[in-house]
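Worksheet: the structure to be examined is printed underneath.
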Amino acid sequence: MKADREKLVVIGNGMAGISTVEQILKLSGSYDITVFGSEPHPNYNRIMLSYVLDGSKTIEDIILNDLTWYEEHGIKLYTDTTVARIDSMAKQVITEDGASVPYDKVIIATGSNPLMLPVPGCDKQGVVGFRKIEDCSNMMEAAKRYGKAAVIGGGLLGLEAAKGLVSLGMDVTVVHLMEDLMERQLDHQAASMLKAELERQGIRFAMGKQTEELLGQERVEGLRFTDGTELSCDFVVMAAGIKPNIGVAKASGIAVHKGIIVDDYMRTSMHHVYAVGECTEHRGVCYGLVAPLFEQGNVLAKHVCGVHTQPYEGSVVSTKLKISGVDVFSAGEFIEGPAHTVIASQNDWKRTYKKILLRDGKITGAVLFGDVSEAAPLQKMVKEHTEMTDEIYGEVMGGGHCGSGGAARKVLSVESMAGEEIVCGCNGVTKQMIVDAITEQGLKTVDEIKASTGATRSCGGCKPVVEQILQYVLGDEFQTAAKQGICGCTSLSRDEIVAEIRAKGLKTTREVMHVLGWSQPEGCSKCRPALNYYLGMIDPAEHEDEKASRFVNERLHANIQKDGTYTVVPRMYGGVTTPEDLKRIADVSLKYDVKVVKVTGGQRLDLIGVKKEDLPKIWEELDMPSGYAYAKSLRTVKTCVGSQFCRFGTQDSMAMGALLERKFERLDFPAKFKMAVNGCPRNCAESCTKDIGIVGNDGGWEIFIGGNGGIKPRIADSFCKIKTDLELIDICSALIQFYRETGKYLERTSEWVERMGLETIRSAVLDNETQRKELIERVEFALLQVEDPWKKVLEQPGTRRMLYEQV
């Protein structure tokens, strides 16, 4: 540490404290900084804990500042260390183990603690809070051993915990004291719509229930409510709220009430000691949302760095959240009273709801459900008490989406945003930070902004606003930057190429490249496979597959390994095989000196290390269909044992999985495609990370789409619930064909769903019966053209000699 620098100690390694430190580092280099954190982790995004719980993200994925960041900025970090008090006389911070660190200034950022209800039995085994990574670990371990959970609290934390536990296979009931969920953020109508959507996802509710006692001996066995009723469970999550963590301040003699009392510059009653975030109480208000802590941190950072700043005068509370895949937003006043004028609209077909509250003609509150695209302008209007006009009414209540006028209005709303307004609530990124990144660094895409500022890095809910800022700053250049050809050989997009193929009746890749003016007459390894796929998708009966345009794995119908040998993966429908097939696999593995036989994640067997010239012989002796492990096609349909054997099973997942795999095998897709069928919501077949995941329940099936467990993990979105097997097959057929016809080549469904939008896909597949039938007809026609590639090679001696025997 340099002697001429002031010593800044930050008590708390969470989002509020480290966000403030980040702002201080940008404004000044005059501090030696020490940070104390009670948890054994570097700074992480607490908002994303539910994603760790449901398995879609790892702990590493939600780390905001890794240990290298602290080292690069010369910050001394003490993890797993709790501060006991501040000694103002000696100007030292004292830890619980007696160590001391001197300071010139201190920032208390201790956040909040979960509110554990003081009811009899709250100390039993199997009762946890939900506030930190350790809680996630406890809940994931419990899901492996126990089946039935109760979550006490129907606020954001409780619903996120419930969603995570359901995805882990538990039977979950949310117990809530009030009759409406999230009553501090949503009105009755939005809360009712949210409850209905979550019930569709498998969460149960016990509303208007006050817990009187936790039942059981050493371990919790149930809840008893004040009305005398009981709920059986073997695991309980307390998520009834939070309370400011004021322990350090209280032990140090700093003024506290509900939280640590601070003024408009975040100063506490102790000289040179500040507080920020959920632990504070400002003008009688304790904020439990993320946006106010970033606003407080910006003011505090400027103040301690001697930079002029407007005082913090409180926050207009707004909430923009995605709860179990459902978007909700509220700002300002959201419960109407006699003094309010109410403007509201509800669309049950689209599952959307909008409400604006006026007081004396001025906008004082808003609620959005399902479609939150108008959240940014509404938040600003509520904050500024904008007077309602016919123009604003038409823009907001009319949707503002039609034609170029809608786009212009959206950009205008971004233009009117203040620079300090927070765009990315998860990471505290303001509009000005994004504008500066665009103008100073020359950034032109959302991905570049994500890498530079962190905006869209977490939940992704702010992506539309980031795109609008890009459009506003770049102007005409935005369209040029946004429009990209499928490769460097052409400026044409996927949709433009497909339209031209249809309109001009083009039949071959060479013809496409010639007619559409490719800059490289032979194309490249990126566009040739794409064109070959688009041509086959458009005209499956007439198109002749161009082997030269296929990747090597697809040309040879086997995966090449780094040593030049290949992998053979025979089809096992639904992951089910027979002793006879297993014997054949063992026999050919021994005969052809297969190096490794490995069970795959898709419930099949990999025969690894096969010589190229032996491939046709192995296929012939196996006499099994190709598993397409090498192709942009259906790889596997993973299943659990389902109702045939499992005591929890409600549907015959093995039979359905095998049926779907037999039906859609060999069909070309834009990218590799995986499915799974669960016999019950316990998710043993991991449907939540598949392109199409199917979950059986007592009433039928639920379909999920867009999951991915690969490089970019993504939990699938709930698409619909249906009752019969025939409906299930029809919906899957239409979904698959819609993806085949609208997906970009090599675009996984996880990216396709986010690009197209879930409602667009629902509209095409679910809501339009005529279009659904047409999609089914087209996929059935395409399926008539497919044949097993291994068998085809065996029937064509010329192909066999050319591809496999000229070694």
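Only this structure's heavy atoms are used, side chains among them; waters, hydrogens and symmetry mates stay out.
- With Glu747 as the partner, the salt bridge (Lys or Arg N to Asp or Glu O under 4.0 Å) test is satisfied by one option alone out of Arg755, Lys632, Lys672: Arg755.
- Ion pairing of Glu787 with Lys791 is absent here, as no side-chain N (NZ or NE/NH1/NH2) approaches a carboxylate O to less than 4.0 Å.
- With respect to Ile692, the side-chain contact (heavy atoms from CB on, under 4.5 Å) criterion is satisfied by exactly one of Phe719, Phe673, Phe704: Phe673.
- For Glu467 and Gln471, the side-chain atoms include no donor-acceptor pair closer than 3.5 Å.
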Residues Asn708, Ser750; criterion side chain to side chain donor-acceptor pair (under 3.5 Å); working and verdict: CA-CA 6 Å; Asn708 191 344; Ser750 55; 3.2 Å; yes
Go through it in stages, so that I can follow the logic: the residues are Leu634 and Tyr628, the test is side chain to side chain contact (heavy atoms under 4.5 Å, CB included), and I'd like the CA-CA distance, side-chain angles, deciding distance and then a yes or no. CA-CA 7 Å; Leu634 177 62; Tyr628 270 71; over 6 Å; no
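- Under 4.0 Å is where a charged nitrogen must lie from a carboxylate oxygen, and between Arg550 and Asp545 at least one such pair does.
- The shortest non-hydrogen separation linking Gly696 to Gln651 is CA-CG, 3.6 Å.
- For Glu741 and Arg778, the salt-bridge test passes: some basic side-chain N is under 4.0 Å from an acidic carboxylate O.
- Of all the heavy atoms in Pro670 and Lys744, the pair that sits closest is CB-O, 3.3 Å.
- Other residues, nucleotides and ligands contribute only 12 or fewer heavy atoms inside 6.0 Å of the CZ atom of Arg510.
- Using cut-offs of 30° and 60° on the angle between ring planes, the pair Tyr739 and Phe669 is tilted.
- Between Leu368 and Ala375 the shortest heavy-atom distance is CD1-N, 3.8 Å.
- Side chains of Glu727 and Thr724: a donor on one and an acceptor on the other come within 3.5 Å.
- Judged purely by distance below 3.5 Å, without hydrogens or angles, the side chains of Ser549 and Asn532 never pair a donor atom with an acceptor atom.
- Among all heavy-atom pairs drawn from Ser653 and Gly679, the shortest one is CB-N, 3.5 Å.
- A salt bridge between Arg748 and Glu751 is absent, with no side-chain N of the basic residue lying under 4.0 Å from a carboxylate O of the acidic one.
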For side chain to side chain donor-acceptor pair (under 3.5 Å), just list the numbers for Asn678 and Ser687, CA-CA rounded to whole Å, side-chain angles, deciding distance to a tenth of an Å, and then say yes or no. CA-CA 7 Å; Asn678 282 314; Ser687 292; 2.8 Å; yes
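- With 3.5 Å as the limit, one finds a donor-acceptor pair spanning the side chains of Asp652 and Gln644.
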Take Ser733 and Glu780 through the side chain to side chain donor-acceptor pair (under 3.5 Å) test and state the conclusion after the steps. CA-CA 8 Å; Ser733 296; Glu780 292 291 347; 4.5 Å; no
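- Here the shortest heavy-atom pairing between Tyr630 and Pro789 reads OH-CG, 3.2 Å.
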Steps toward salt bridge (Lys or Arg N to Asp or Glu O under 4.0 Å) verdict (Arg204, Glu199): CA-CA 6 Å; Arg204 306 174 194 270; Glu199 285 174 331; over 6 Å; no
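- Relative orientation of the Tyr534 and Tyr745 rings is perpendicular, given thresholds of 30° and 60° on the angle between their planes.
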